[in-house]
Structures are given as structure tokens and as C-alpha cells.
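The structure under discussion appears below in the form of C-alpha cells.
The residues of the chain are indexed from 1 along the displayed sequence. Everything quoted here is computed from the prediction, not taken from an experiment.
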Amino acid sequence: MPILPSNFSPTIPFRNGHFNTMYRPLFMKGVVNYKRERLHTWDNDFLDLDFSKVGSKTLAVLIHGLEGSSSSHYITATIKHLNNKNLDAVCINLRGCSGEDNNLLATYHSGKTEDVSFVMNHLLDKYSYENIVIIGFSLGGNLTLKYLGEQGKELPSEIKGGIACSVPVDIASAEKEMDKLKNKLYMEVFFKTMKNKILEKAHKFPEYKLDKDKLFKATKFKHLEHLYTVPVFGFESPEDYWQKASSKPYIPSINRPALLINAKDDTFLSKECYPKEEAKTSDNFFLEITKYGGHCGFMSSFKPSDNTWLEERIAKFIQRNINIDMP
């Protein structure tokens, strides 16, 4: 599919990527009245699914980003918007992200699509939705695209397509971008919760031999991957993890309409995270590169009613390209 033009044009302060990235979590508060369902997994763990239903035949399945949850403001804003469009919605809280620590030493990572597949199969078995659309943000967007590509032609017919926003589809280069000084503040925010979670796991699982000195000194994702992701999930090295977890190689195998929205001023993303060639040669993959928007921001102005561009864009793609009716 050709690369799509974008009409996102925010006011001046929101044309700064950092400002746009930080504005949504700091000032766009949102609450959804969820009904939680705990899904017990095949490996004696659990995933918490938070539903917001309006009686639709279509279900939007949302996946949050790194250290996010169903309370993340980009999640609540999207669910409210889709509910208003008469779509049911559910957010998958990845392991350890629902407000309660999961049972196992292992939690989640950027490529852990076996959890996505397990949830999708559960939704198909338990419910009778005619249409399902997957919507992922950042890490959740990587899971969305990777799952769609892995499944390819085997994707269940009820799953009609997907949308991904602000996605580091090439993890190796994106991590190098995150290591730069411009992202120091974001890294400190991520590391505060991630380090605490790893320490808690080490306390609960004494067999996990954590080098706490290295953990306290860690300043890069690669450091945490050496200490946790690689040994816990069985990767050979961080490089092995980056290669196997990245969604970019799976994009050519996507068999249903899928949209990736990445902003040019997203400070988290490298140039490799804008898969233009994959879009040009695919029948199903759409790429929209906005000039502004930051990371999971896409705020337009200080007026709350103006700040629905991303939610509207998601709804329009579902309606026009995935061909699901809505008001």
C-alpha cells in the first residue's frame, strides 16, 4: 500500500515532540468503568482483561506500551472514543501490569506474542464477536504487528485487522536512540518501575541470581536485558532478543488491513522504525508518518475537545479500511 498522507496539524507548542509526548500523561486524565476478567494461563499464571462494553458485535482489543496498563491515558481515551462509536473494547494488561504482580518470574517483553495469541483464542472461544480489531501502542503496537505477521493467512477470520501507534518496529536501532541524552528523562521514568519490579522478582524467586549492584548502575535497556530479559526468557543475548522480538521482519506477512502511525518527531524512534519499503510493497500494510505527535501523544491544542485526532484516525481506519460500520 502507498504511504498515507497525514492531516495532523497541531498548534505551535504541540509541534515540539517532547511537549506532545509529555502532555497526554500529565494533563489528559481519563477514567473508564472497566469490568475485569482474570484469564488463567497455560503456565499457571494470569492475565487481567479490562472490558468496557456497549453491546456491540465488534470488539477492539487494546495493548498498552512499556510499563503501561489499562489506566494509561492513551488507552482510556481510545476506549472512550470507540465506545462512543458503538464498539466494545478490552485492554490486555500484560503480565505484572494490572496492579498485581504475576505469579511467575517471567513477565512480558516486546515480542511475547504467545500471550496475545492466548488471549485472542480465549476471546474467540468465550465470546461471539463477529469482528475483532487489535490496537497497540508502542511496545503493544510491536506485539500487534508481530502477531498479525506471525499468524499471516492463518489468522482467525473474526480478526479483521489492526492498528499500531508509535512503534519501535526495529528494536536494536530504537534502543540506540533511547540511549541518547535527549531521552534521559524518559529512561529514568521507565527504570524507576522496571528496576523495582526486577528487585521484587529477585526477592520472590531466590533461584534468580540477580546482580543487584549491576541493576542499580544500569542506565540502558541493554543492561536490564543482560540482567533479566535474556536469562529469564532464554535469549542468547540482547542482540538475539532484539532480532527475535522486532515486528519489522513480520510486516510483509500481514494478511489483513493494518495501519502503523509513527510521528517524525518521536524521540524514541530511529529511522529504521519507519518501514516505508514494507508499506510500498504490501497489499495490507499502511504507513502514516505524521510530522508532529511525539510518542503516543498526538495532542493538538490546550483545548481538550481538539485532542481527539489519534482516536478519530483509529476509528476512521476501522470504518474505511477494515470495513466495520459505526456511527
Side-chain angles (χ1 to χ4, degrees), residues 39-48 63-69 92-98 100-122 134 136-151 164 167-176 178-179 187 190-212 214-250 268 273:
L39 177 59
H40 295 280
T41 60
W42 72 95
D43 54 355
N44 298 316
D45 207 354
F46 65 89
L47 290 159
D48 284 330
I63 311 175
H64 60 78
L66 181 67
E67 292 302 279
S69 71
I92 305 171
N93 291 283
L94 300 175
R95 302 192 193 209
C97 294
S98 64
E100 180 180 342
D101 190 21
N102 65 310
N103 296 335
L104 304 180
L105 172 59
T107 53
Y108 68 98
H109 63 71
S110 295
K112 200 172 186 298
T113 45
E114 54 264 42
D115 282 355
V116 179
S117 182
F118 185 76
V119 172
M120 300 311 298
N121 290 336
H122 166 75
I134 310 174
F137 298 84
S138 195
L139 178 148
N142 189 73
L143 287 168
T144 298
L145 296 175
K146 183 170 179 279
Y147 170 76
L148 293 174
E150 284 175 339
Q151 295 292 312
V167 185
V169 296
D170 185 86
I171 296 172
S173 60
E175 286 204 8
K176 291 178 182 178
M178 289 299 295
D179 289 343
M187 293 293 283
F190 284 134
F191 273 39
K192 183 178 180 179
T193 60
M194 293 175 73
K195 286 183 178 181
N196 284 339
K197 283 184 176 181
I198 293 173
L199 282 170
E200 185 177 352
K201 290 297 186 184
H203 177 72
K204 289 176 64 176
F205 297 91
E207 68 274 16
Y208 167 47
K209 304 299 182 183
L210 174 66
D211 188 327
K212 293 182 181 179
K214 287 185 177 180
L215 179 67
F216 295 140
K217 294 176 182 177
T219 57
K220 300 178 180 180
F221 283 128
K222 188 174 183 178
H223 297 156
L224 298 189
E225 288 157 0
H226 269 299
L227 292 169
Y228 179 78
T229 311
V230 168
V232 170
F233 290 100
F235 293 105
E236 295 178 6
S237 63
E239 290 77 11
D240 181 50
Y241 163 61
W242 301 338
Q243 180 183 359
K244 291 177 178 176
S246 293
S247 62
K248 192 173 184 178
Y250 296 91
F268 293 15
C273 292

Please determine if Lys146 and Glu150 form a salt bridge, counting it only when a charged side-chain N lies under 4.0 Å from a carboxylate O.
yes
Under a 4.0 Å N-O cut-off, is there an ion pair linking Lys197 with Asp101?
no
With rounding to the nearest 0.5 Å, note down the distance linking [atom1] in [X] to [atom2] in [Y].
X	Y	atom1	atom2	result
Cys97	Leu47	SG	CG	10.0 Å
Leu139	Lys112	CG	NZ	12.0 Å
Lys248	Asp170	NZ	CG	5.5 Å
Asp43	Asp115	CG	CG	7.5 Å
Phe233	Tyr241	CZ	OH	8.0 Å

For the pair Asp240 (side chain) and Phe235 (backbone), establish whether a donor and an acceptor sit closer than 3.5 Å, ignoring hydrogens and angles.
no
Whether over 12 other heavy atoms sit under 6.0 Å from Lys212 NZ:
no
How about Lys244: does its NZ atom have over 12 heavy atoms from other parts shown lying under 6.0 Å from it?
yes
Do Tyr208 and Ile198 have side chains that get closer than 4.5 Å, going by heavy atoms?
yes
Ignoring hydrogens and geometry beyond distance, is a side-chain donor-acceptor pair present between Lys204 and Asn103 at under 3.5 Å?
no
How would you list, by chain and number, every residue that makes a ring pair (Phe, Tyr, Trp, His ring centres under 6.0 Å) with Phe191, sequence neighbours excluded?
Phe221
